[in-house]
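Single-structure report; data block below.
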Number of protein chains: 2
Amino acid sequence: MKSRLNLTLREVEALLKEHGVQASAQRIAVCHYVLTTNTHPTVDDVKAWADENFPKMSLATVYNTLNLLAGVGVIKALKFPHSDKAHFDGDLSNHFHFLDEDTGKIYDIPGESLKYQLDLPEGFELSEMEFLAKGKFQG
Amino acid sequence: MKSRLNLTLREVEALLKEHGVQASAQRIAVCHYVLTTNTHPTVDDVKAWADENFPKMSLATVYNTLNLLAGVGVIKALKFPHSDKAHFDGDLSNHFHFLDEDTGKIYDIPGESLKYQLDLPEGFELSEMEFLAKGKFQG
DNA sequence: TTTCAATTTAGATCTATTCTAAAGCTATAT
DNA sequence: ATATAGCTTTAGAATAGATCTAAATTGAAA
């Protein structure tokens, strides 16, 4: 069976079209890269990858494309407290993140690891809950 | 009994000294303001307040002071996904935040409103958990 | 194949924040 | 009280990350 981690370029192209996004070469490449990594890359990370694998892609295109993809919900934009840079995540499944406070590395934690029950005061209508675990990881 | 919301300037001065911070007039004023509001002010908010109530305070001092106070743990620095600006919170008690996605306003939610049980995978050592509720509030 | 809109690009601009170095204060020892 | 050494404050310059602009390029569709 198929995980996002081994999507082909063709499949990514189809995915973009499904989301009403014109599938240019740059968009396919960037989208494919973000969907097939677990490293939560920043714009700079994606640019560095492009410099090796898709030369001549401008920084503006990296920004435009990542924002576009996040806008239509193909990937997610993340902000973490230790850094000003946006990170991007191709994993839309139920999970949250663990930030290693020593290294700045981000790890995925399955959503099932956290059971919670929330009772908001009157008047608050919840749309989404965000979680971040912080500490250190020794792998 | 005394909540942080009605601390006097003298009490704030004492608090700073307890934390090993020299209690200059600017620091007392900024610290008092952040401790006695529930509005999670940004740097600009604090600067705007200062322009009315402590004229001639420079923007650099607002930044320096807020960072210093957060560094020694008298207040907390917060980042939210809807904005690039840092927010500051004088409430160190057990609570988390609700972000109104329409207005950008931030509300306090008592920590007791959320019960949770976390089972991290092997090797993760938790130091702190961060929560953010998002949605809309009709007050 | 012409055309019109969408995409990409380099560079300028913007925003939040930090840095710099000079000027102003404050505590403490005399 | 006064000197002085070390803080603190300040204005403005500098930086980092992201967005905007307008021109060039590409692509889709008649």
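Naming convention: chains lettered A, B, ... in sequence-line order (proteins, then strands); numbering from 1 in each chain.
Just one residue in the list B/Asp44, B/Asp45, B/Asp51 forms a side-chain hydrogen bond (donor to acceptor under 3.5 Å, both in side chains) with B/Lys47, and that residue is B/Asp51.
Rounded to whole angstrom, the span from the NZ atom of A/Lys85 across to the P atom of D/dG17 amounts to 4 Å. Look at CG on A/Asp84: it is 11 Å from P on D/dA16, rounded to the nearest Å.
Proximity of the aromatic rings of A/Phe80 and A/His40 is defined here by a centroid distance below 6.0 angstrom, and this criterion is not met. For B/Phe137 and B/Phe98, the ring centers sit 6.0 Å or farther from each other. The aromatic ring centroids of B/Phe131 and A/Tyr116 lie 6.0 Å or more from each other.
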Output a table of donor-acceptor pairs, distance under 3.5 Å, between side-chain atoms of residues 117-125 of chain B and any protein atom two or more places apart or on a different chain; print 'none' if there are none.
{"residue": "B/Gln117", "atom": "NE2", "partner": "B/Asp119", "partner atom": "OD2", "Å": "3.2"}
{"residue": "B/Glu125", "atom": "OE1", "partner": "A/Gln138", "partner atom": "NE2", "Å": "3.1"}

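The CD atom of B/Glu11 sits 10.5 Å away from the CD atom of B/Glu18 when rounded to the nearest 0.5 Å.
Scanning residues 15-28 of chain B for heavy-atom distances under 4.0 Å to DNA chain D yields B/Gln22, B/Ser24, B/Gln26, B/Arg27. Heavy-atom distances under 4.0 Å link DNA chain D to B/Lys56, B/Met57, B/Ser58, B/Ala60, B/Thr61, B/Asn64 of residues 33-72 of chain B, given in residue order.
Ring orientation note: the planes of B/His87 and B/His82 are tilted relative to one another, at an angle of 30° to 60°.
Between A/Thr65 and A/Gln26, the side chains place no donor N or O within less than 3.5 Å of an acceptor N or O (distance only, hydrogens not considered).
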